There are 2 protein chains.
Amino acid sequence: MLDRLRDLIPEPALRRLPWYLAYVSLLREKGVEYVSSTGIARGINVDASQIAKDLSFLDIKGKTRIGYEVTLLEHKLEEFLGFRKGHRAAIIGVGSLGRALMQDSGLTNYGLEIVAGFDVDKEKIGTSTYGMPVYDIADLTAKAREMQLEIGIVTVPVEYAQEAADAIIAAGMKAIWNFTPYRIQTPEGIVITNTSIYAHLAVMYNRMLSH
Amino acid sequence: MLDRLRDLIPEPALRRLPWYLAYVSLLREKGVEYVSSTGIARGINVDASQIAKDLSFLDIKGKTRIGYEVTLLEHKLEEFLGFRKGHRAAIIGVGSLGRALMQDSGLTNYGLEIVAGFDVDKEKIGTSTYGMPVYDIADLTAKAREMQLEIGIVTVPVEYAQEAADAIIAAGMKAIWNFTPYRIQTPEGIVITNTSIYAHLAVMYNRMLSH
């Protein structure tokens with residue numbers, strides 16, 4: 001049932017669910033027991049009818065005039081979003097950004113378990129970063145099987161992005177989280193998610209000029 | 001002229017420009033002298049007519065049958081995107097993610113100069129992180145003036161996101177880069193950019209289930 005609902009949810013709604021989760025977690029910490037979509041709307045500045053519609057994809061019912069049970073809603077949101085399941089990932093490219101992600105323990109709260117790094121640099125191979133081993137990228141296929149790696153996080157310099165992605169695919173991993181601004185080309189069946197924080201910078205600078 | 005064109009560009013086009021920049025920088029490093037929009041299209045998997053249209057917002061003309069001069073295009077893109085100008089920023093919340101951004105020297109290449117961190121934790125105040133001072137959040141207004149801070153990067157725990165934003169606004173800074181999933185409310189005239197990498201995780205996990 002969960003998987004069927006997941007298939008139906010439009011991506012913009014899916015992207016909004018973590019906002020609700022953040023607010024609901026905050027309410028739970030404050031000891032609030034129930035919250036309505038109107039209450040969430042006031043707290044995070046999103047239209048209440050939109051929230052109600054987005055939450056309808058979850059396997060949860062609110063009570064009339066009382067709303068949703070906060071702890072249950074938090075649990076259902078985390079479960080629906082895949083944050084309660086550990087997804088095993090590796091950093092490909094243990095440079096500045098790669099190390100940055102390896103040290104962000106916050107990712108674990110969202111179901112991402114970074115367990116190793118891979119690099120081509122002989123100086124880095126065999127060392128450990130924030131307690132995680134750094135391996136030779138040439139060993140990715142063997143290690144991916146051994147460590148049950150599902151997600152490859154691409155933090156190499158932009159000119160090696162496609163090469164890194166090809167290595168991840170060859171290693172049998174099913175998802176690529178691309179932090180480079182390069183548009184990686186992937187075959188059918190591979191999940192690719194692009195997070196270009198630098199593109200966000202461009203948008204921010206542009207808005208700053210217009211203000 | 002640059003500012004006028006900047007006002008006209010639609011946000012989706014603006015978000016694509018860093019992709020072209022990444023590819024063009026790669027070509028320049030390889031010693032390529034000219035590139036056409038068709039060439040860029042082949043390299044990064046985006047429609048050529050879209051690229052030509054997006055690049056028409058830049059103050060640059062390609063030559064018929066030869067294309068754009070690579071070094072000039074790279075320069076114009078960096079300039080247009082604001083990556084050649086230093087934007088002074090501070091990390092609000094020197095936790096795991098805050099430290100991660102402070103150590104990502106790659107941001108400097110995109111015009112972001114993180115120069116300080118601010119926190120409420122007495123253990124952190126007065127120390128330095130990756131060579132940057134960590135100050136008391138209570139001193140933000142004074143330090144913002146002294147250090148000419150423009151951008152506040154919000155990496156506090158989600159329940160303090162609004163409070164951190166309010167402090168940034170009170171300090172007279174003009175832009176907020178929000179890394180929390182909380183929908184911060186800001187008055188007119190403040191630029192807010194939301195980068196919720198955890199929402200990207202939700203989308204990725206969801207696609208992995210459907211494959």
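All values derive from a computational prediction rather than experimental measurement. Lettering of chains follows the sequences in order, A, B, ..., and the numbering in each one begins at 1.
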Top of [options] for chain A proximity - count of heavy-atom pairs under 4.5 angstrom:
options: B:G111, B:A100, B:P18; result: B:A100
options: B:R16, B:R99, B:E29, B:K30; result: B:R99
options: B:G98, B:G95, B:P157, B:P181; result: B:P181

For [X], does the [atom1] atom have more than 12 heavy-atom neighbours from other residues, nucleotides or ligands under 6.0 Å away?
X: B:Q185; atom1: CD; value: yes
X: A:E146; atom1: CD; value: yes
X: A:E11; atom1: CD; value: yes

What residue, out of [options], has the most heavy-atom pairs lying under 4.5 Å from chain B?
options: A:I151, A:L101, A:L21; value: A:I151
options: A:L17, A:L14, A:T180; value: A:L14
options: A:N194, A:V46, A:I176, A:L107; value: A:L107
options: A:V158, A:L201, A:L26; value: A:L201

Which answer fits [X], side chain, backbone, both or neither, if we ask what part of it has an atom under 4.5 Å from a heavy atom of chain B?
X: A:Y130; result: side chain
X: A:Y23; result: side chain
X: A:N109; result: neither

For the pair [X] (side chain) and [Y] (backbone), establish whether a donor and an acceptor sit closer than 3.5 Å, ignoring hydrogens and angles.
X: B:Y205; Y: A:L112; value: yes
X: A:S196; Y: B:W19; value: no
X: A:R207; Y: B:I192; value: yes
X: B:Q103; Y: A:S96; value: yes

Scanning both residues in full, the closest heavy-atom pair of B:I197 with A:W177 reads O-CZ2, 3.7 Å
Might you point out which heavy atoms bring A:A199 and B:R15 nearest each other, and give the distance in Å? CB-O, 4.0 Å
Listed by residue number, which members of residues 83-92 of chain A have a heavy atom under 4.5 Å from any heavy atom of chain B?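 Within residues 83-92 of chain A, the residues under 4.5 Å from chain B are A:F83, A:H87.
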Checking B:H200 against A:T195 for the side chain to side chain donor-acceptor pair (under 3.5 Å) test, could you report, in this order, the C-alpha distance in whole Å, the side-chain angles of both residues, the deciding distance, and whether it holds? CA-CA 7 Å; B:H200 288 206; A:T195 298; 2.5 Å; yes
Assess whether side chain to side chain contact (heavy atoms under 4.5 Å, CB included) is satisfied between A:I184 and B:N45, documenting all intermediate values. CA-CA 8 Å; A:I184 288 171; B:N45 207 17; over 6 Å; no
Between CD on residue A:E150 and CE on residue B:M204, distance to nearest 0.5 Å: 9.5 Å
Might you work through the side chain to side chain contact (heavy atoms under 4.5 Å, CB included) test for A:Y182 and B:I44, ending with a clear yes or no? CA-CA 7 Å; A:Y182 193 79; B:I44 63 169; 4.2 Å; yes
